[in-house]
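Take a look at the structure below.
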Amino acid sequence: MGWHRGGGRRFHQKLRIVDLPCVRDCNGIEIEYLREPELPKGTVVGVTGDSASGKSTLATAWARDVEGPVLFLDRENPVSIICDRLDRLGFPDSPRLRFWGGWCAEEAPQPDAPAVVEWMKNCGTSPLIVVDSLSGFYSGDQNDAAEMCSFMNRCRHLANMGATVMVIHHSGKADTSKDYRGSSDFKAAIDCGFHVSNYGDAGQLGTLVLRPFKMRVGSCGEISYSYAGGRIIRGNAAEVKQTVTEQLTALLRLNPGVTARRFDDLVNNKGLGRNRARSFLGDGLLSGSIRFEPGPRNAKRHFLAGMEAQRDR
């Protein structure tokens with residue numbers, strides 16, 4: 001479509017079907033990455049997880065390592081937290097990094113605001129734009145599909161212009177929302193979606209496991225990152241999960257007859273998370289590796305299958 005002036009007035013010329021370009025003439029046919037496989041160029045990427053799971057730290061590390069300009073639109077964190085994160089990750093201030101946070105004269109704008117679009121046009125190359133977090137920029141009902149779609153279209157507009165847009169979002173507590181919170185239109189709107197889990201002790205960042213829940217572009221399995229001293233090193237997610245399973249098994253072995261609520265508390269105190277405790281017990285009951293007995297007030301007392309068999313002899 002185009003714009004023309006005539007008689008001192010500006011009018012819009014509608015795009016005709018016959019004028020539509022060939023798809024392959026628009027942006028080539030090969031998939032390119034700012035960082036493979038997490039950040040395909042020109043896409044909308046969702047990064048979700050529980051509070052303090054390391055989502056923003058991981059996003060900042062990726063931003064540090066990519067080439068090209070980076071813009072953070074932040075309505076989530078105070079400047080002290082941002083400075084600490086940048087210092088820990090060794091991400092220095094430079095012309096390619098721009099942070100629009102709550103400490104600025106104006107609140108960070110919506111992703112497709114004129115100021116953001118103008119900056120994009122002056123970048124000269126495909127930028128990375130990080131929205132932290134969806135809840136801070138989205139004032140509507142997160143379960144409303146139409147409202148969620150309307151917000152995500154703002155991010156899609158930037159991706160259509162060539163930016164890679166990373167939207168940080170929280171996961172829910174119910175089993176049906178463990179990937180992300182709110183309407184399924186969030187998942188429908190993104191090209192790639194990753195859920196982050198932190199396997200550190202006592203709530204500290206340790207090993208982060210990235211689990212893809214949508215891959216419209218490219219493909220990958222689970223990825224782990226070891227965090228220590230500001231360094232994030234990619235590793236083997238299967239080994240991490242096996243280690244955590246071993247920790248949960250040992251915890252149940254040391255606490256035979258524990259109720260689900262008490263086991264939640266024990267696991268959470270070790271920094272492994274309540275959701276992981278429930279999944280471990282539920283999967284164990286289905287596989288037969290864990291059994292239960294009725295307890296007081298309809299509670300279930302859980303045992304490792306072998307231990308229960310020994311006790312009944």
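Source: prediction; values computed, not measured.
What you find for Ile190 and Arg156 is that their closest heavy atoms are C-NH2, 4.3 Å. Nearest heavy atom pair, residue Trp100 against residue Glu106, reads NE1-O, 2.8 Å. Nearest approach of Gln142 to Met148, heavy atoms of both residues: O-CE, 3.5 Å. Nearest heavy atom pair, residue Val116 against residue Pro109, reads CG2-CG, 4.1 Å. The shortest heavy-atom contact between Phe137 and Asp74 is CZ-N, 3.9 Å. The shortest non-hydrogen separation linking Ile223 to Pro37 is CD1-CG, 3.9 Å.
Under a 3.5 Å cut-off, the side chain of Asp144 and the backbone N or O of Gly140 do not form any donor-acceptor pair. Side-chain atoms of Thr164 come within 3.5 Å of backbone N or O of Gly42 as a donor-acceptor pair. Within the 3.5 Å criterion, the main-chain N or O of Leu251 finds a donor-acceptor partner in the side chain of Asn255. Formation of a donor-acceptor pair under 3.5 Å by the Lys55 side chain with backbone atoms of Asp50 is found in this model. In this structure, Arg216 contributes its side chain and Ala188 its backbone to a donor-acceptor pair below 3.5 Å. Side-chain atoms of Asp264 never come within 3.5 Å of backbone atoms of Ala277 as a donor-acceptor pair (strictly under, hydrogens ignored). Using a distance-only test at 3.5 Å, with no hydrogens or angles considered, no donor-acceptor pair links the side chain of Ser133 to the main chain of His169. Counting only distance, with no hydrogens or angles, the side chain of Asp191 and the backbone of Val217 share no donor-acceptor pair below 3.5 Å.
For the pair Arg88 and Tyr227, the minimum side-chain heavy-atom distance is below 4.5 Å. You'll find the side chain of Leu39 stays beyond 4.5 Å of the side chain of Tyr33, heavy atoms only. Between Leu266 and Val258 the shortest side-chain heavy-atom distance falls below 4.5 Å. Annotation: side chain of Tyr199 is not in contact with side chain of Ser224 (no heavy-atom distance under 4.5 Å). Leu248 has its side chain out of reach of Thr245: every pair of non-hydrogen atoms, C-beta onward, lies at least 4.5 Å apart. In this structure, the side chains of Tyr225 and Leu210 come closer than 4.5 Å at one or more pairs of heavy atoms. Contact annotation: the side chain of Pro40 approaches that of Val45 to within less than 4.5 Å [non-hydrogen atoms, C-beta and beyond].
Under the 4.5 Å side-chain heavy-atom criterion for ILVMFWY residues, no single connected hydrophobic cluster contains both Phe213 and Leu208. At a threshold of 4.5 Å between side-chain heavy atoms, the hydrophobic network of Ile, Leu, Val, Met, Phe, Trp and Tyr places Val47 and Leu86 in one connected group. Residues Leu134 and Tyr180 fall within the same hydrophobic cluster, defined by Ile, Leu, Val, Met, Phe, Trp and Tyr side chains chained together at heavy-atom separations under 4.5 Å. Linking ILVMFWY residues whenever their side-chain heavy atoms come closer than 4.5 Å, directly or via other members, leaves Val165 and Phe194 in distinct clusters. Transitive grouping of hydrophobic side chains (ILVMFWY, heavy atoms separated by less than 4.5 Å) brings Val117 and Ile129 into a common cluster.
The closest side-chain donor-acceptor pair between Arg181 and Ser135 falls under 3.5 angstrom. With no hydrogens or angles considered, a side-chain donor-acceptor pair links Ser56 and Asp132 at under 3.5 Å.
In this pair, Phe151 and Tyr138 present their aromatic rings perpendicular. The plane angle is above 60°, beyond the 30 to 60° band.
With a 6.0 Å radius and a threshold of 12 heavy atoms from other residues, nucleotides or ligands, Arg234 has its CZ atom above the threshold. In this structure, Arg231 places its CZ atom where only 12 or fewer heavy-atom neighbours from other residues, nucleotides or ligands lie under 6.0 Å away. Taking a 6.0 Å sphere around CG of Asp93, one finds it holds 12 or fewer heavy atoms contributed by other residues, nucleotides or ligands. When the shell of 6.0 Å around NZ of Lys214 is examined, it contains more than 12 heavy atoms from other residues, nucleotides or ligands.
Using a cut-off of 4.0 Å between Lys/Arg side-chain N and Asp/Glu carboxylate O, Arg35 and Asp65 are scored as salt-bridged. Under a 4.0 Å N-O distance rule, the pair Asp265/Arg261 does not qualify as a salt bridge.
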Evaluation steps, side chain to side chain contact (heavy atoms under 4.5 Å, CB included), between Glu38 and Trp62: CA-CA 9 Å; Glu38 300 96 336; Trp62 292 347; 3.5 Å; yes
Phe91 and Thr60: CA distance, side-chain angles, deciding distance, side chain to side chain contact (heavy atoms under 4.5 Å, CB included) verdict: CA-CA 8 Å; Phe91 194 170; Thr60 304; 3.8 Å; yes
Worked verdict on Val70 versus Arg96 for side chain to side chain contact (heavy atoms under 4.5 Å, CB included): CA-CA 6 Å; Val70 176; Arg96 80 176 188 93; 3.5 Å; yes
Side chain to side chain contact (heavy atoms under 4.5 Å, CB included) assessment of Arg75 paired with Glu107: CA-CA 8 Å; Arg75 292 187 182 180; Glu107 184 179 57; 3.4 Å; yes
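Centroid-to-centroid, the aromatic rings of Phe263 and His302 stay 6.0 Å apart or farther.
In the hydrophobic clustering, where aliphatic and aromatic side chains (Ile, Leu, Val, Met, Phe, Trp, Tyr) are joined below 4.5 Å either directly or transitively, Val18 stands alone.
Residue Asp179 is tested with His195, Arg211, Lys187 for a side-chain hydrogen bond (donor to acceptor under 3.5 Å, both in side chains); the sole match is Arg211.
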